[in-house]
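This report concerns only the one structure given below.
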Amino acid sequence: MNYEVILIGGGPVGMMLAGELALAGVKVCVIERLTETTPYSRALTVHPRTLEILDMRGVKSKLIRKGRLLSRGHFAGLETPLDFSALDSSSNHTLFLPQSETEKVLEEWALSLGAEVRREVEALSVHQDEDGVDVKIAGPNGATTLRSAYVVGTDGARSLVRKHANISFEGTDATFTAILGDAVLSDLAPMSVLSRITAKGLVSIMPINEQIYRVLIIDMERRNISKDEPVTLEEFRSSIVRTTGSDLGLKEVKWLSRFGNATRQAGRYRNGRLFLAGDSAHIHFPAGGQGMNVGLQEAMNLGWKLAGAIKGWAPDWLLDSYHTERFPWNTALLRNTEVQTLLLDATPPIMELRSLLANLIQIPEANYQVAAQVSAMDVHYAPDPEAPPHPLNGKRLKDLPLKLKDGQLMNSYSFLNKGHFLLLNFHVKEQNSGQWATYSHLQVVHASLVEAEADWNDVHSVLIRPDGHIAWAISRSDPNPMQTIYEGIARWCGNITDQEK
Ligand SMILES: Cc1cc2nc3c(=O)[nH]c(=O)nc-3n(C[C@H](O)[C@H](O)[C@H](O)COP(=O)(O)OP(=O)(O)OC[C@H]3O[C@@H](n4cnc5c(N)ncnc54)[C@H](O)[C@@H]3O)c2cc1C
């Protein structure tokens, strides 16, 4: 074997997964055809749940230094913005940062942990057998074949891995296309924002920085043009004029592109030793800025499970849970982008509906519900059927302030920096937990909560997964808590006798 895992595609999702695997000590290599990170950034937003998971790994602060924090998001560009500050999180904001910057930070992080990134190399074919996967590649040094135990297709919408894994990509073709342009608009005051829907179409303009604006247009006269037809400067200018009334002083254009609302999802995210994550697993209209965000969250869900399979401690069901856990949330994501797309039509009934929804979102509970969906704060997984029921099972962990036995105050996310499981004990005597010390991927912390939290009052102990979701919590009324903890750890972290040396 050349590597334990090969990731085909070094976009944001490939780099994040490379970091997660390297963090767990996996020998991982990213195959990327581009010589360097593309300067053309599709995504501009990093949403709250993504900031939370990056915070767990100590990467959030590196990104924040480069971008702008905003407390607002949007749903279908409705007149009322979403207020993320209402979210119950220390990351109750979105980060405005071009995708190229996010990718660079994630690549640096992965490299610093020991991941290998092979650029200017294209994957040509993928073939799996019982023991591993052969990946044929071609680069400046010619063609060769690499072998690994697993391959993940982080290779975007036209995924080679998806095709070679014989995984279907079900859904609908684009029914319209939109135009994207990053340009200097000298008639606009610096940092202005413009959003308008009329019978001529939709235009949304936001500043990327002091000089460049991101312009998105669905021009009713041009919406049937194929995604593959290049956008010309004249077309871009005419569409700006049609939708805003002037060319806004259009000068320098940095990037022009066309994208559509094709909506598809892979039938399954795993076939044997082959996995899919990010755009290779799902595509949709980029409404609400969610695609990259969910891809990064998938990398967080898959990394530790794959590492566990390689290190030999992961139970069989754990790898399959990647598909089971993520697929339904991405189906919901596809539906929410389709709903947003419907709301972009400027017909009188839709305009009426937009105004109704904009009014409804002003109600705090309605804002919370939609904000939690767009920001992925509402994501939770099915409770472990083998664990005693508890309302926390499967939910996300928020960054809780903890008081340690020695009086030190620490936040819960800081214990997830190494990507290990975290057993938070509120009642076990330290001397009784020595038996768990043999798990190199489990950290045991004896602490108490600094502030009261709903659903946490009766918690005796809680096992946090490496991706910041709660595997199980057991209550103080459990008749035999030590036995329940022991069984719960063995189920999630592998049997104590199988631990790696
Ligand atoms: C206009 C627009 C705006 C968007 N805005 C947002 C936003 O604000 N927020 C958000 O979350 N999402 C947004 N998205 C979506 C986001 O850009 C994508 O979801 C994200 O890029 C997916 O990341 P990925 O790593 O899965 O795939 P990609 O970014 O497509 O990366 C795949 C990589 O694989 C490489 N590759 C492919 N095939 C091979 C091969 N055979 N061999 C070697 N390398 C290969 C490619 O070169 C590429 O680098 C937007 C999309 C569009 C179109």
Side-chain angles (χ1 to χ4, degrees), residues 12-13 15-17 19-20 43-64 67 69-75 81-97 99 102 105-106 109 277-279 281-282 284 286-304 322 325-337 340 367-382 392 394-400 411-414 416-417 419 422 453 464-471:
V13 179
M15 293 306 177
M16 174 87 190
L17 186 52
E20 282 297 291
L44 295 178
T45 57
V46 184
H47 279 324
R49 181 56 182 160
T50 313
L51 290 174
E52 281 193 341
I53 61 171
L54 294 170
D55 198 13
M56 290 170 202
R57 299 296 188 254
V59 180
K60 175 182 161 181
S61 54
K62 296 187 178 112
L63 284 179
I64 282 188
L69 286 178
L70 306 171
S71 59
R72 293 165 157 212
H74 76 90
F75 187 83
L82 295 175
D83 177 9
F84 285 155
S85 70
L87 297 169
D88 183 21
S89 166
S90 52
S91 294
N92 57 356
H93 35 242
T94 204
L95 176 68
F96 195 84
L97 181 69
Q99 182 170 330
T102 305
V105 169
L106 291 172
W109 176 62
D279 277 16
H282 39 74
H284 54 82
Q290 303 173 83
M292 178 185 75
N293 282 280
V294 296
L296 298 181
Q297 290 156 32
E298 279 154 28
M300 189 80 169
N301 184 291
L302 178 59
W304 59 280
Y322 168 60
E325 291 187 339
R326 293 303 312 180
F327 187 87
W329 287 106
N330 289 332
T331 307
L333 162 75
L334 264 46
R335 294 298 88 82
N336 105 34
T337 57
Q340 293 192 64
N367 168 70
Y368 191 92
Q369 178 128 354
V370 184
Q373 187 182 56
V374 170
S375 65
M377 281 296 188
D378 63 350
V379 171
H380 55 271
Y381 300 131
L392 288 176
K395 292 200 175 145
R396 76 173 236 282
L397 173 77
K398 78 174 212 189
D399 196 11
L400 297 170
N411 276 13
S412 56
Y413 282 4
S414 61
L416 292 167
N417 274 197
L422 169 64
E453 286 290 333
I464 317 295
R465 310 173 356 164
D467 60 0
H469 279 261
I470 294 167

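Of the residues listed (Leu95, Leu54, Val59), the one engaging Ile64 in a side-chain contact (heavy atoms from CB on, under 4.5 Å) is Leu95, and it is the only one.
Put simply, CZ on Arg57 and CG on Leu416 are 6.5 Å apart, with the number rounded to the nearest 0.5 Å. Atom CG in Leu296 sits 12.5 Å away from atom CZ in Arg49 (nearest 0.5 Å). In this structure, CG in Asn92 is found 10.5 Å from NZ in Lys398, a value given to the nearest 0.5 Å. Separation of atoms OG (Ser89) and CG (Leu51) is listed at 8.5 Å; rounding is to 0.5 Å. A distance of 5.5 Å separates CG in Leu87 from CE in Met377, rounded to the nearest 0.5 Å.
The two residues Thr50 and Asn293 have their closest heavy-atom pair at OG1-OD1, 2.6 Å. Phe84 and Val374 make their closest contact through CZ-CG1, 4.4 Å (heavy atoms, listed as atom of the first residue, atom of the second, distance).
In this structure, His284 contributes its side chain and Asn330 its backbone to no donor-acceptor pair below 3.5 Å.
Between His469 and Tyr381, the two ring planes are tilted [angle within 30° to 60°].
Asp399 and Asn411 are linked by a side-chain donor-acceptor pair at a separation below 3.5 angstrom, with hydrogens and angles left out of the test.
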For this session: Step by step, work out the side chain to side chain contact (heavy atoms under 4.5 Å, CB included) result for Val105 and Leu97.
Result: CA-CA 11 Å; Val105 169; Leu97 181 69; 5.8 Å; no
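Side-chain atoms of Tyr322 and Glu298, non-hydrogen and from C-beta on, do get closer than 4.5 Å to each other. Looking at heavy atoms from C-beta onward, Gln297 lies out of side-chain contact with Asp467 at the 4.5 angstrom threshold.
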